[in-house]
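Reviewing the structure listed below.
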Amino acid sequence: MDALEIFEGHIKERLTSELASLGFEGDFGLERPDHEMADFALPCFQFAKRLRRSPQSIAEDLAARVSVDGHITKVWNDRGYLNFRVNEGLLGTMVVRDALERREDFGRGEPLDGRVLLEHTSVNPTGPIHVGRARNPLIGDTLARCLRMCGHEVTTEYYVNDVGKQVVLLTWGLEHLDEKDVAQADREKNDHRLVGYYQAANRLMESSPGVEKEIAQMTQRFEAGDPEVIAQVRRTVDLMLEGIKESLGAVNVFLDRYAYESQFILDGSAKEVVERLKRTPYCTLEDGAYFLNLEEFGVHGRDTRFFFTRKDGTTLYTTRDLAYHIEKFRRADRLMNILGEDQKLGQKQLTSALRILGFERAPECIFYSFVSLPEGRMSTRQGRVVYLDDLVDEAMERAYKEVCDRRPELDEGKKRGIARDIGVGAVRYNIIRVQAEKQLVFKWEEALNFEGNSAPFVQYAHARCCSILRKATDYNKGADLSVLTDPYERKLVWMLAQFPEVVRQAGEKRRINMLPTYGHELASVLNQFYGAVPVLRSEHQDARLCLVEATRWTLHNTLVTMGIAAPEEM
RNA sequence: GGGCGGGUGGCCUAGUCUGGAUAUGGCAGCAGCCUCCUAAGCUGCAGGUCGGGGGUUCGAAUCCCUCCCCGCUCGCCA
């Protein structure tokens, strides 16, 4: 239990007994108002009806009954609210000690039961990742980090779409086209280099019936499970994936496992799904193709028919995804998917089919809205696209210039390292800070913002703490912390105390945008403290150094759970 | 047309699940602050019909109804 939980539990306990003596039994809400106002507050409106008294008089009565004790230093009523101030010396001591002892584990929850399998990214391996799709790995990776911080055991997985006309087309192109037949790529990376082959093959297929036929035949052999063709396609997909992995690594995203869609054709499990679905009463055959009627699963209108085979009997994307999910059920207790909003219907069909097959479980999905450009939706075809690689390069370049301006004395390697931490951090932060469901318009000046609500702001506060700590060299970590009574100090303590709860809630509610919100607020409070309260050579130097170090770890841990580096200087 | 999701100062955004005291911050704008631990910072000013309208409630950005706008989706594609 973290410090704040102890205080909250204590107050609730005191209130339960006092409310009982007033004649109220049951649950009640305790709030965390604006810190200027109070630490905890009990709105007494909720009791007025049951007790047939005015909220004001209830609050007044309770204020007289609830006495001050070791945890509570002040109780008062204010317009129907019963307000509390807690013993900040005690809270501060508990929180700061906890942070100093646990350091990078401060805020980490106790190990939780149940293995989590989190699928994210899973972008089609037909070209480089653009910022429209980059939301997926960044949300997924951050959620994975956050859940791990909460105490969950998490495995992350990329579902590689190595089936279908697109990848076959790419494979054909790589086989038959020469380097001089395709457009010159701006980068040597595989994903950028190969996309030209895909585009050229696509054009050829559209103009030449012979090519179209070749590709159709290749696709048929693939669908039929021809191991040779499947292996061939997988080789090109792996080549593309190499580039994609590099892009992901650049923004600090590393997945534990890659699952190939073709696997479910090869091992027959997709076919098995088909056979099982055929035997259910929801299944109908039409023109050689099978579909499920999903009407009673809340899918209405034209969407009720979910086809799971073609007329030639081959499987479809969602059918193979079904086989994948059934296989995932065996490996984990809880499934989570990060998906684009265009996948909603597909997921609905998938979960309905799983129910029909008798599975009680379903994957928990987070759908994100697409990132568009001011000119409209991103489109590789129309050249209206910003690649993640370009965004990251630009961000690092910009950061490098800033570092050179501010810290000319640093050596080149250090400058580059800091620029990388800042640039990558800024990119991650800017995507993560917005709720997944909100549609986002990408603007360079916003993506490259290094001030205000941004990663560098939080990183800077962390570097400031480190700078003070570095200059202090040694200090008494056992200093008496009850001297931290200045308003700036108390505000900081209060912020630190929230951290474990923020992590817990961000994980439980799957609302990772709580992390940047908290990080910014904590950094802001540290900056205010920094400007107003001297630490080194001050009266309470050691106590303040303890506070600064506790803040340093909290900022560090907030950044790290967001997958952002916490540089010690910048 | 049906389904799902969004709509909060000029721009971006928190809060919405679980209704509470003056709606959170940032960017841009204006005015200040570096003989003192890094000014990627701090302080102040200005800026709001929480899309519109009804309802429920002692109390609504939050819950219910309705309408409007934007996005996604409605393939024997993936």
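So you know, we letter chains A, B, ... as the sequences are listed, proteins then strands, and number each from 1. Values in this document were obtained by computation on a predicted structure and should not be read as measured data.
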ask   = What integer number of Å spans the P atoms of B:U8 and B:C50?
value = 11 Å

remark   = With syn meaning chi within 90° of zero and anything else anti, the base of B:C69 is anti

inquiry  = Using a strict heavy-atom distance below 4.0 Å, which residues from residues 501-511 of chain A are in contact with RNA chain B?
reply    = A:Lys509, A:Arg511

message = Using the P atom as the point on both nucleotides, what is the distance between B:A23 and B:U49, in whole Å?
response = 13 Å

message = Counting only side-chain heavy atoms from C-beta out, which of B:C77, B:G26, B:U73 sits nearest to A:His520?
response = B:G26

inquiry  = Using a distance-only criterion (donor-acceptor N/O pair, under 3.5 Å, no hydrogens), is the base of B:G26 paired with the side chain of A:Asn449?
reply    = no

request  = Rounded to whole angstrom, note down the C1' distance from B:G6 over to B:U13.
outcome  = 13 Å

key: Set of salt bridge (Lys or Arg N to Asp or Glu O under 4.0 Å) partners for A:Arg511, sequence neighbours left out   = none

Check nucleotides 57-65 of chain B against the protein and report each pair of N or O atoms closer than 3.5 Å, with its distance, or say if there are none.
none

ask   = Between B:U62 and B:G52, how far is it from one P atom to the other, in whole Å?
value = 10 Å

key: Closest to the A:Asn161 side chain, choosing from B:C37, B:A78, B:C76   = B:A78

key: Check ion pair A:Glu549-A:Arg552 (N to O, under 4.0 angstrom)   = no

message = At a heavy-atom distance below 4.0 Å, what parts of residues 525-532 of chain A sit against RNA chain B?
response = A:Asn527, A:Gln528, A:Tyr530

inquiry  = Side-chain N or O of A:Arg310 versus OP1/OP2 of B:C77: is the shortest distance under 4.0 Å?
reply    = yes

request  = Assess the side chains of A:Asp238 and A:Tyr260: does a donor N or O sit below 3.5 Å from an acceptor N or O?
outcome  = yes

request  = Report yes if the side chains of A:Leu547 and A:Phe529 come closer than 4.5 Å at any heavy-atom pair, otherwise no.
outcome  = yes

Rounded P spacing from B:C33 to B:A39 in Å = 16 Å

note = Assign each of A:Ala41 and A:Ala523 the nucleotide of RNA chain B bearing its closest heavy atom; nearer the 5' end lies the nucleotide of A:Ala41

query = Out of B:U38, B:C74, B:C72, which has the shortest distance to the side chain of A:Asp342?
reply = B:C72

ask   = Of all the nucleotides listed (B:C42, B:A78, B:A39), which has the minimum atom distance to the side chain of A:Tyr460?
value = B:A39

Contacts under 3.5 Å, N or O only, protein and nucleotides 5-13 of chain B:
from: B:G5; atom 1: O4'; to: A:Lys344; atom 2: NZ; distance (Å): 3.1
from: B:G5; atom 1: N2; to: A:Gln439; atom 2: OE1; distance (Å): 3.3
from: B:G7; atom 1: OP1; to: A:Lys438; atom 2: NZ; distance (Å): 3.1
from: B:C12; atom 1: O2'; to: A:Arg433; atom 2: NH2; distance (Å): 3.2

key: A:His540 and A:Asp486 side chains, donor-acceptor separation under 3.5 Å   = no

Any residue meeting salt bridge (Lys or Arg N to Asp or Glu O under 4.0 Å) with A:Arg490, in chain and number order, not counting sequence neighbours = A:Glu88

message = Distance check, P atoms only: B:G5 and B:C63, in whole angstrom units.
response = 12 Å

